[in-house]
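Notes follow once the structure below has been shown.
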Amino acid sequence: MKRPMDPSEEARRLESDAKEEILSAKSLEDLEAVRVKYLGRKGLLTGLLRKLGEAGPDERRELGRFLNAAKSALSAEIDARKAALKAARDEASLHEESVDITLPGRAREIGSRHPTIKMMREIMEVFLGMGFTSIEGPEIETEYNNFDALNTPEWHPSRDEHDSFYVADGLVLRTHTSPAQIRVMKSQPAPVRVIVPGRCHRRDTPDASHVISFYQVEGLYVDYEVSMADLKGTLAAFAREIFGTETRVRFRPHFFPFTEPSAELDISCLVCGGKGCRLCKNSGWVEVLGCGMVHPNVFRHAGYDPRSVTGFAFGMGVERLALLKYGIENMRVLYDNDLRFLKQFQGMHA
Amino acid sequence: MRVPFRWLQDFVKIDVAPEELCAQLIMLGFGDAEVLPNEWEMLDSFVAGRVTAVEPHPSAPDLKVVRVNLGFAQHTSVCGAPNVEKGRIYAVALPGARLPSGDLVEQAEISGVPSECILCSGWEAWIDDSREELMALDDNAAPGSNLIEVLGLDEPVIEIEVTPNRPDCLGLIGIARELAAVYGKELLIPEPSLAAETSEHTGAARVEVEDVEGCPRYGALVCDRVEVRRSAAQVRARLRLAGLRPINNVVDATNIVLFETGHPLHAFDLARIEGQTVVVRRGRTGEKIKAIDGNEYELDQDDVVIADLEKPIAIAGIIGGENSEVDFSTTQILLEGAFFNHARIRRTSKRLGISTEASYRFERGVDVGAVLYVLARAASLIRSTSRCPFHAGRIDIYPEPRPPRRIFADPKRINRLLGTSIPEQEMCDYLERLGFLVSPGKELEIVVPTRRIDVEGEADIAEEILRLYGYDRVSEQAKASTRCYGRRDGSLFSIGRIEEALIGMGITQVLTDTMVGPTSLDRFRIGRRGAVRVRNPLGVETSFLRPSMTPGIVEVMARNLNRGSERVAVFEIGKVFAAGEEGFRERYALAVGLCGLDRPRSWHSKPREVDFFDVEGVVESLTRLLGVRVVFGTDGPAGLHPGRRATVMLPGAGGEAAIGHLGEVLPAIVEAMDIAHKVFVAEVDLDALMERIPEGLRYEKTPRFPGLKRDLAVIVPRSVREADVRRIIAPEGAPLLGSLELFDVYTGERIPEGTVSLAYRLVFQSDERTLHEDEVNDLQKKIELGVAKRLGGRLRSS
Ligand SMILES: [Zn+2]
């Protein structure tokens with residue numbers, strides 16, 4: 001009879017074989033096979049455990065302890081190897097799943113705001129921040145509100161059928177949004193701090209700097225002690241906010257029937273910075289808006305007492321500002337409505 | 001207004017460059033001021049030449065052979081002018097010079113005599129239209145010197161934009177006064193030498209002013225033994241610098257005075273005035289006058305007319321008549337210096353379509369106080385050009401003298417208005433420099449010169465002070481007022497949100513014309529009856545205020561498709577107008593236009609052509625944003641496809657109110673506009689939508705118990721509308737039916753012809769408990785039954 005192998009020796013050999021095979025398993029499947037081979041129900045190590053009953057009591061205890069230790073050691077080895085193999089496999093499959101991230105995404109189409117309206121909204125925002133509320137007036141306005149109440153002299157050319165559109169006796173397409181001054185002052189007592197954005201119409205022949213229908217933002221601030229210094233402070237801050245903090249501003253006298261004293265606000269030329277160029281006709285300055293202290297006659301027409309309140313008003317052409325700000329040379333481009341042009345104003349850049 | 005720089009210096013001596021003067025004028029309140037480029041390059045080859053010998057032409061009796069000293073050379077010229085005189089200096093055109101006729105001067109042989117240059121008339125020298133005689137130059141001009149310099153045409157000319165409130169600056173003296181004030185210089189006003197010796201007219205000439213309203217003041221000087229001839233060359237050149245046309249010494253004198261003082265004058269040939277009587281009266285209906293511009297004008301009763309005993313001889317303040325024009329045979333003149341009603345002059349000038357240097361000034365307002373001065377000044381100029389003395393007799397009809405305006409102004413209040421602290425004395429000084437008379441007191445009492453018709457009150461005084469003090473010296477301050485703050489409300493605010501939402505949907509904002517024409521209205525089958533008509537349109541195609549933005553937005557689409565766009569999605573927000581019985585109505589409207597592909601071409605999905613449901617969807621999303629419920633009705637305007645259009649309606653207590661429409665533009669319209677795609681538009685009354693934006697948002701609890709989902713497919717005849725199906729399912733499923741979602745619409749082989757299958761996902765939900773399958777099954781049965789019974793439909797077995 002062949003002398004049987006020492007069970008403990010056999011166990012030791014099994015353990016070391018198993019460890020080697022675990023480490024050399026190249027895939028989860030290989031590893032599973034190794035597990036089945038040693039630890040499965042019919043595995044080699046399981047077999048030895050099952051045969052424990054055949055050994056003597058002393059031997060059984062010792063061998064049993066050894067086999068159980070080996071079993072849990074191998075299980076741990078398998079788990080560790082399994083984790084390593086799984087990680088490797090995951091990594092490989094992630095690699096396989098990679099996409100060409102330079103392909104364009106499924107972007108949602110975004111439209112754009114018309115540059116005139118974009119400019120108008122920017123203007124509104126600046127004045128909103130300074131305490132001005134936006135209000136509106138009708139485009140068909142009474143001749144009284146559009147001209148008379150604003151102290152427009154009877155001879156003023158803007159009243160002319162040649163310069164303004166009429167739709168009925170006494171009804172004109174507003175030539176500026178200023179008549180809303182009268183409407184707001186008639187509807188409430190001072191203080192009033194409003195801007196009036198809106199479309200206006202003048203009977204001009206369209207050219208590079210005129211269109212028939214254009215947008216204007218009018219402003220009015222009336223209170224018990226509003227001065228020319230307030231006007232300058234407000235409008236200079238506005239100009240710097242819209243055109244940049246380095247912008248220099250200048251106020252010079254001008255004439256408007258509805259303000260006295262009146263002024264024109266110029267900014268340092270955005271193209272040449274003041275040195276002189278084609279845009280500024282070599283003066284270094286470009287005109288931005290008209291303004292002035294509300295004429296006492298306007299207060300009288302609106303039912304305010306010019307001896308007790310003062311105020312300033314201003315008005316600006318939105319298109320003109322858009323042209324300056326975006327460097328557009330011809331105003332008609334704005335109203336050609338070419339999508340290739342309009343889409344350029346998609347961004348948020350101020 | 002053109003301002004010759006050296007001429008201006010006659011009235012104020014300011015030693016600065018013309019460009020600097022322009023900058024100063026702009027800071028004084030002139031609209032614009034710039035130095036014009038020199039306009040006289042064509043005179044480069046013209047020089048002064050002294051005639052040293054005049055001999056008869058050997059073969060042509062009308063011609064003379066003239067020797068001319070040009071300084072650098074002696075030339076021979078063959079000349080036909082009657083006034084060529086030995087020893088005198090004339091303008092000479094050298095070979096290479098171009099004449100106004102277009103001809104180039106070259107050496108030539110005239111009837112056998114070589115001619116090396118041309119002695120020029122005023123016309124040939126580009127100065128005026130005198131062709132009959134040579135233009136003699138000043139005797140001191142150096143032969144050979146360039147004509148531009150001899151005539152002073154190298155003088156810089158400044159073009160100044162005078163604001164309409166300052167007619168007093170429509171003359172050199174007015175501008176000089178401003179400059180003198182700001183530079184602290186003396187204003188030099190020429191004293192007419194004739195002023196003292198002009199006396200009351202005692203002769204036969206008479207003036208009667210019948211129309212005092214039209215002519216508050218009429219002054220005249222009657223001058224005898226006047227010699228009418230061409231003015232000196234320098235005077236003629238100067239007039240050209242000012243942009244005026246030289247005529248003769250009398251007319252030129254009136255023009256010079258107009259140009260210097262801004263006050264127009266007119267000269268009549270007294271011999272041609274019937275009865276030597278000037279009558280200032282209203283025009284008579286049917287009356288006609290042939291003016292010196294060669295045109296005949298018909299007068300009416302609103303016109304101020306200068307007439308004699310028989311006929312009109314001038315349209316007052318605008319233009320003179322041919323029948324009383326001064327010419328070279330005139331010996332006795334009546335100089336008119338008047339003050340006419342500016343509104344009347346303006347109306348006549350507008351009605352007759354004549355604008356002259358005179359009307360331009362009279363309609364803005366001239367200085368009533370300057371009448372006698374300008375007359376004397378003109379007479380004095382005329383006399384200086386006459387060789388013999390003449391007498392001038394004065395007539396002045398001024399029934400209601402207008403005293404200068406007096407204004408009281410409070411320096412404290414002015415400083416408060418301006419935000420300055422200018423001392424009272426400084427204010428007085430500024431005003432006095434501008435010619436105001438100031439008396440101190442509790443308030444300043446200020447006498448306003450009659451020329452300053454624009455200065456009416458304290459605010460005007462404040463501006464005068466500020467102009468000289470300097471706008472730049474006012475500080476920049478900004479008071480924050482807590483009594484009024486910026487509010488985000490009103491339609492503009494809501495419109496801003498709507499714009500942003502539409503932009504987020506990939507739609508681009510456009511702005512189209514407010515004014516439209518019959519062609520586009522007819523094309524879109526929009527009636528003109530309710531449209532607002534512009535009384536004075538620029539053209540017939542802009543003669544209505546748009547009643548709808550659809551035509552405009554479709555035109556924008558057509559243009560972009562033409563330029564190669566494959567996908568056009570645009571919107572416009574603006575006013576539309578309607579004429580009704582209660583007058584005009586203007587409302588904010590929104591128009592959306594979709595055409596072409598629904599999205600850009602891409603590698604991941606195939607774009608398709610947009611359809612009805614795209615445009616409908618835009619309206620649905622938008623109304624969701626506004627929180628306003630709308631329903632769609634099966635109707636719409638004639639410009640939309642009858643099978644693919646809908647009315648947008650607001651449900652309300654009194655029924656549904658239509659607020660717009662959407663759909664496919666009629667294919668015939670689209671074809672006529674050369675568009676190769678289907679075009680979809682929506683247009684809604686935005687004001688109506690915005691009025692419905694709900695206020696006071698309160699939240700609703702989200703369901704605590706799980707809902708039961710059921711999918712349900714209904715087959716109904718195709719004549720049944722989906723909304724009808726929903727309208728049955730919803731009440732049948734109530735109150736447990738929480739939501740109802742249409743997820744499929746099928747027509748095809750798998751169902752009978754003439755039917756459509758609609759698939760819904762229903763979610764049943766209760767606030768109080770978890771629902772049982774059974775009760776949901778019962779509800780589903782009820783729904784099935786309802787659909788079958790009322791719509792002839794059945795459930796599709798899945
Ligand atoms: Zn520049």
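To find a chain, count down the sequence lines: A is the first, B the second, and so on, and within it residues start at 1. Note that the structure is a prediction, hence the values are computed from the model and not measured.
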| note | So, the part of B/R346 with a heavy atom under 4.5 Å from chain A: the answer is side chain

| Is it the side chain or the backbone of A/F132 that comes within 4.5 Å of chain B heavy atoms, both, or neither? | backbone

| said: Please classify the contact between A/R121 and chain B as side chain, backbone, both or neither, with a heavy-atom cut-off of under 4.5 Å. | reply: side chain

| message | How long is the straight-line distance from CD of A/E139 back to NZ of B/K575, given to the nearest 0.5 Å? | response | 5.0 Å

| query | Which answer fits A/A237, side chain, backbone, both or neither, if we ask what part of it has an atom under 4.5 Å from a heavy atom of chain B? | reply | neither

| remark: Rounding to 0.5 Å, atoms NZ (A/K281) and CG (B/D32) come to a distance of 4.5 Å

| message | What part of A/V211 gets within 4.5 angstrom of chain B, counting heavy atoms only: side chain, backbone, both, or neither? | response | neither

| query | Can you say whether B/E586 sits under 4.5 Å from chain A via the side chain, the backbone, both, or neither, judging by heavy atoms? | reply | side chain

| query | B/R413 and A/R307: side chain to side chain contact (heavy atoms under 4.5 Å, CB included), yes or no, with the steps? | reply | CA-CA 9 Å; B/R413 210 159 42 219; A/R307 294 243 151 193; 2.9 Å; yes

| task | Could you look at B/T542 and say if it's the side chain, the backbone, both or neither that has a heavy atom under 4.5 Å from chain A? | result | neither

| request: Check each atom of B/Y588 against the heavy atoms of chain A and say whether the ones under 4.5 Å are side chain, backbone, both or neither. | output: side chain

| query | So does A/R240 pair up with B/E476, basic N to acidic O under 4.0 Å? | reply | yes

| query | Just wondering, are more than 12 heavy atoms of other shown residues or ligands nearer than 6.0 Å to NE2 in A/H162? | reply | no

| How many angstroms lie between CG in A/L339 and CE in B/M557, if you round to the nearest 0.5 Å? | 10.5 Å

| note | Applying a strict 4.5 Å limit to non-hydrogen atoms, the region of B/N415 in contact with chain A is neither

| request: Please state whether the side chain, the backbone, both or neither of B/V532 comes within less than 4.5 Å of a heavy atom of chain A. | output: side chain

| field | A/M124 versus chain B, the contacting section by heavy-atom distance below 4.5 Å | value | side chain

| task | Would you check if the side chain of A/K232 reaches a backbone N or O of B/Y471 as a donor-acceptor pair within less than 3.5 Å? | result | yes

| said: As an exercise, state the distance from CZ of A/R250 to CE of B/M27, rounded to the nearest 0.5 Å. | reply: 5.0 Å

| field | Residue A/D336 versus chain B: region with a heavy atom under 4.5 Å | value | both

| Contacting region of B/M505 [heavy-atom separation from chain A under 4.5 Å] | backbone

| task | Please look at A/R113 and chain B and tell me whether the side chain, the backbone, both or neither of the residue comes under 4.5 angstrom of a heavy atom of that chain. | result | both

| field | Short side-chain to backbone donor-acceptor contact, A/S134 and B/R488, under 3.5 Å | value | no

| said: Is A/P296 in contact with chain B via its backbone, its side chain, both, or neither, using a 4.5 Å heavy-atom distance? | reply: side chain

| query | Is chain A contacted by the side chain of B/R559, its backbone, both, or neither, given a heavy-atom distance below 4.5 Å? | reply | side chain

| message | Less than 4.5 Å to any heavy atom of chain B: does that hold for the side chain of A/I212, its backbone, both, or neither? | response | side chain

| said: Under 4.5 Å from any heavy atom of chain A, what part of B/L418 do you find: side chain, backbone, both or neither? | reply: both

| Residue part contacting chain A, namely of B/S602, when any heavy atom lies under 4.5 Å | neither

| query | Which answer fits A/D169, side chain, backbone, both or neither, if we ask what part of it has an atom under 4.5 Å from a heavy atom of chain B? | reply | both

| query | Under a 4.5 Å heavy-atom cut-off, does chain B meet the side chain of A/I135, its backbone, both or neither? | reply | backbone

| remark: So, the part of B/V568 with a heavy atom under 4.5 Å from chain A: the answer is both

| query | At a heavy-atom separation under 4.5 Å, does B/I465 approach chain A through its side chain, its backbone, both, or neither? | reply | neither

| task | Check whether any side-chain N or O of A/R203 sits under 3.5 Å from a backbone N or O of B/N536 as a donor-acceptor pair, and report yes or no. | result | yes

| field | A/L171 portion near chain B, given a 4.5 angstrom heavy-atom threshold | value | side chain

| remark: So, the part of A/E125 with a heavy atom under 4.5 Å from chain B: the answer is side chain

| request: List the steps, then state whether side chain to side chain contact (heavy atoms under 4.5 Å, CB included) holds for A/M228 with B/T420. | output: CA-CA 8 Å; A/M228 193 85 183; B/T420 51; over 6 Å; no

| task | Pick one of side chain, backbone, both or neither for B/I495, based on which atoms fall under 4.5 Å of a heavy atom in chain A. | result | both

| With B/F30, which residues qualify under ring pair (Phe, Tyr, Trp, His ring centres under 6.0 Å), at least two apart? | none

| query | Judged by modelled atom types alone, do A/T310 and B/R416 share a side-chain donor-acceptor pair under 3.5 Å? | reply | no

| task | Name the region of A/Y215, side chain, backbone, both or neither, that has any atom closer than 4.5 Å to a heavy atom of chain B. | result | side chain

| Which answer fits B/E19, side chain, backbone, both or neither, if we ask what part of it has an atom under 4.5 Å from a heavy atom of chain A? | neither

